[in-house]
Amino acid sequence: MAETTPLYDTYMRAPLRFERGEGVWLVTENGERYLDFAAGVAVNSLGHAHPHLVAELKAQADKVWHLSNLYEVPGQEKLSKRLTEVTFADKVFFTNSGAEALECAIKTARRYQFAKGHPEKFHIITFEGAFHGRTIATIAAGGQEKYIEGFGPKAPGFDQVQFGDLDAVRAAITDATAAILIEPVQGEGGIRPATNEFLRGLRQICDEHGLLLILDEVQCGVGRTGKLFAHEWAGIKPDIMAVAKGIGGGFPLGACLATAEAASGMKAGTHGSTYGGNPLAMAVGNAVLDIVLAEGFLQHVRDVALVFRQGLASLKDRFPDIIEDVRGEGLMLGVKAAIPQAELLQAIRAEHLLGVPAGDNVIRLLPPLVVTAEEAREGLARLERAAERARAARTKKSA
């Protein structure tokens, strides 16, 4: 009989217990080393126990942990200034998670239209395959029935259309439309990048119709694609952007960024957070930017990504019965399995390599951005052995 646990039964956890991490490696309680290409689902952007992050967190822990937003928090001023200097944004609201950053983005867009005298404009166009979080509003925005079922009526105001279809977007616009919300690269949806042309088309449609463009860069932002933010590849600027995961390097931290115009409706009292922007999170967020914004860091991401792409393309050619497709941008990579996803994931873990399942039968490879070319090649070698293992298992099963 399986051991019972007082924890909610909402996770299907792998039977792995990690005690410590170092760089791109995780070590179990019994000393087994795993190459971590999951990175806490793209969260541990600088790997495990990064010395600069650890030092800054420890230094802040000796001073003050929590103040609330009743007072000025110097770390918020510093981090918000750095973020606005390197992005389109003029304003920043700090949160604890990506879902909260999306909630703020949704509220910012609706409040903008309300403040402009259009309270009827609260609908937001979203896309098939999207994932924006687990709150009541963000599961409605994502539109996936498996996340919505059983939680009461779907929150109104979200109109979903086909990913990549500009004509469908235009057809969905009504007098009630306030904004368009999209992930430049879908993560949970199966590592599906929007084309540069599609993102540019969305920007043009928003400009033509007086809509706000909201980008969800929770997973694809903060250097993950080789640019600081994924939308930079398309040469566009959003009005609002949700950020989390990599910005905290493993510490719970999110942010909603907006232009001054888009944030103009968010007056005192319209939104808040008890923990958002706490001193510990701000210390870590600033430490992450120290590394990510350093000269040569994003070029390193692009260089190592090329090693990955070439290696994955070779594996796809050699194992077409196991790997159907390779996709993604930078170090946000996906392997679409030609066999049931769980079989390949099991083989990968057997080679002490960690990945993340996603939609469309895809396994995400999301290594820390500090991964070296040598570590990339080690990961590819383990993936090759996993493909061989999966092939052998299927051959044995059919014999």
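The shown structure was predicted, so the numbers you read here are calculated from the model rather than taken from an experiment. In what follows, residues are counted from 1 in the order of the sequence shown. When reading the values below, keep in mind they use all heavy atoms of this one structure, side chains included, and skip hydrogens, waters and symmetry mates.
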Are Trp65 and Gln60 close enough that some pair of their side-chain heavy atoms sits under 4.5 Å apart?
no
Under a side-chain separation threshold of 4.5 Å, the hydrophobic residues clustered together with Val43 are none
Determine, for Glu261 against Lys116, whether the closest basic-nitrogen to carboxylate-oxygen distance falls under 4.0 angstrom.
yes
Is atom CD of Glu374 surrounded by more than 12 heavy atoms (other residues, nucleotides or ligands) closer than 6.0 Å?
no
Salt bridge (charged side-chain N to carboxylate O under 4.0 Å, His left out) for Glu329 and Arg224? Distances and angles first, verdict last.
CA-CA 8 Å; Glu329 297 287 345; Arg224 177 59 53 186; over 6 Å; no
Return the set of residues passing side chain to side chain contact (heavy atoms under 4.5 Å, CB included) with Leu57 (not counting sequence neighbours), or none when no residue passes.
Phe251, Leu280, Val284
Ile240 side, atom CD1; Thr259 side, atom OG1 - distance, nearest 0.5 Å
7.0 Å
Taking Asp239 for the side chain and Leu212 for the main chain, is one N or O donor matched with an acceptor at less than 3.5 Å?
no
With ILVMFWY side chains joined below 4.5 Å, transitively, what does Leu26's cluster contain besides itself?
Leu16, Phe18, Tyr34, Leu354
Applying salt bridge (charged side-chain N to carboxylate O under 4.0 Å, His left out), name anything that partners Arg134, two or more places apart in sequence or on another chain.
none
Would Ile124 end up clustered with Val169 when hydrophobic side chains under 4.5 Å apart are linked, directly or stepwise?
no
Tell me, which pairs form a side-chain hydrogen bond (donor to acceptor under 3.5 Å, both in side chains) where one or both residues lie in residues 37-48, sequence neighbours left out?
Asp36-His48
What residues join Met332 in its hydrophobic cluster, counting side-chain heavy atom gaps under 4.5 Å, either direct or through other members?
Val41, Val185, Ile191, Val356, Val362, Leu366
Answer yes or no: are there more than 12 heavy-atom neighbours, outside Asp175 itself, under 6.0 Å from its atom CG?
no
Would you name the heavy atoms of Leu253 and Ala281 that are closest together and state the gap between them?
CD2-O, 3.7 Å
To the nearest 0.5 angstrom, please state how far the CG atom of Leu215 sits from the CG atom of Leu181.
8.5 Å
Going by the salt bridge (charged side-chain N to carboxylate O under 4.0 Å, His left out) test, which pairs reach into residues 20-31, not counting sequence neighbours?
Arg17-Glu29, Arg20-Glu22, Glu22-Arg33
Interatomic spacing from NE2 in His118 to OG1 in Thr177 - rounded to 0.5 Å
12.5 Å
For residues Arg82 and Asp290, determine if any side-chain heavy atom of one lies less than 4.5 Å from a side-chain heavy atom of the other.
yes
Atom of Leu211, atom of Gln113 and distance for their closest heavy-atom approach:
CA-NE2, 4.4 Å
With side chains defined as the heavy atoms from C-beta onward, is the minimum distance between Leu369 and His300 less than 4.5 Å?
no
Could you list the residues that satisfy salt bridge (charged side-chain N to carboxylate O under 4.0 Å, His left out) with Glu378, not counting sequence neighbours?
Arg382
Approximate separation, where rounding is to 0.5 Å, of His132 NE2 and Ile106 CD1:
7.5 Å
Are Arg192 and Glu183 ion-paired here, with the side-chain N under 4.0 Å from a carboxylate O?
no
I'd like to know whether Lys81 forms a salt bridge (charged side-chain N to carboxylate O under 4.0 Å, His left out) with Glu85, so could you lay out the CA-CA distance, the side-chain angles of the two residues, the decisive distance to 0.1 Å, and finally the verdict.
CA-CA 6 Å; Lys81 188 171 189 295; Glu85 284 176 347; 2.6 Å; yes
Just checking Glu77: does its CD atom have more than 12 heavy atoms from other residues, nucleotides or ligands closer to it than 6.0 angstrom?
no
To the nearest 0.5 Å, how far apart are CG in Asn286 and CG in Leu79?
4.5 Å
So, Arg349 and Gln346: side-chain donor and acceptor under 3.5 Å apart, yes or no?
no
Can you name the residues that form a salt bridge (charged side-chain N to carboxylate O under 4.0 Å, His left out) with Lys237, not counting sequence neighbours?
none
When the ring planes of Tyr275 and His66 are compared, do they come out parallel, tilted or perpendicular, using 30° and 60° as the limits?
tilted
Asp360 meets the salt bridge (charged side-chain N to carboxylate O under 4.0 Å, His left out) criterion, sequence neighbours left out, with Arg327, Lys336
Determine, using ring centers only, whether Phe198 and Phe127 are less than 6.0 Å apart.
yes
Say whether Asp159 and His123, considering side chains only, have a donor N or O and an acceptor N or O under 3.5 Å apart.
yes
Other residues, nucleotides and ligands only: do more than 12 of their heavy atoms fall within 6.0 Å of CD on Gln341?
yes
Can you find a pair of side-chain heavy atoms, one from Arg318 and one from Leu315, that are under 4.5 Å apart?
yes
Just checking Tyr147 against Phe131, ring centres under 6.0 Å apart?
yes
Please say whether more than 12 non-hydrogen atoms of neighbouring residues, nucleotides or ligands are located less than 6.0 Å from CD in Glu208.
yes
Could you check whether any side-chain heavy atom of Phe94 comes within less than 4.5 Å of a side-chain heavy atom of Gln76, counting everything from C-beta outward?
yes
For Ile339 and Ile322: C-alpha separation, side-chain torsions, deciding distance, then whether side-chain contact (heavy atoms from CB on, under 4.5 Å) applies.
CA-CA 6 Å; Ile339 60 177; Ile322 304 297; 4.2 Å; yes
Measure the spacing between CD1 of Ile363 and CG of Leu333 and express it to the nearest 0.5 Å.
13.0 Å
Ring-face cation contact, Phe158 with Arg110, 6.0 Å cut, 45° max:
yes
Assess the residue pair Arg364 and Glu188 against the criterion (salt bridge (charged side-chain N to carboxylate O under 4.0 Å, His left out)); give the C-alpha distance rounded to whole Å, side-chain angles, the decisive distance to 0.1 Å, and a yes or no.
CA-CA 9 Å; Arg364 283 174 277 184; Glu188 181 75 17; 3.1 Å; yes
Residue pair Ile323 / Val326: nearest heavy atoms and the distance that separates them:
CG2-CG2, 4.2 Å
Taking all non-hydrogen atoms of both residues into account, name the closest pair between Ala39 and Pro367 and its distance.
CB-C, 4.4 Å
Tell me every residue that passes side chain to side chain contact (heavy atoms under 4.5 Å, CB included) with Ala244, counting only those two or more places apart in sequence or in another chain.
Val218
So, for Ala130 and Gln186, which heavy atoms are closest and what is the spacing to 0.1 Å?
N-NE2, 3.5 Å
Listed once per pair and sorted, the salt bridge (charged side-chain N to carboxylate O under 4.0 Å, His left out) pairs that draw on residues 50-59, sequence neighbours left out
none
I'd like to know if Arg391 and Asp321 make a salt bridge, using a cut-off of under 4.0 Å between side-chain N and carboxylate O.
yes
Could you check whether atom CZ of Phe114 has more than 12 heavy atoms from other residues, nucleotides or ligands sitting under 6.0 Å from it?
no
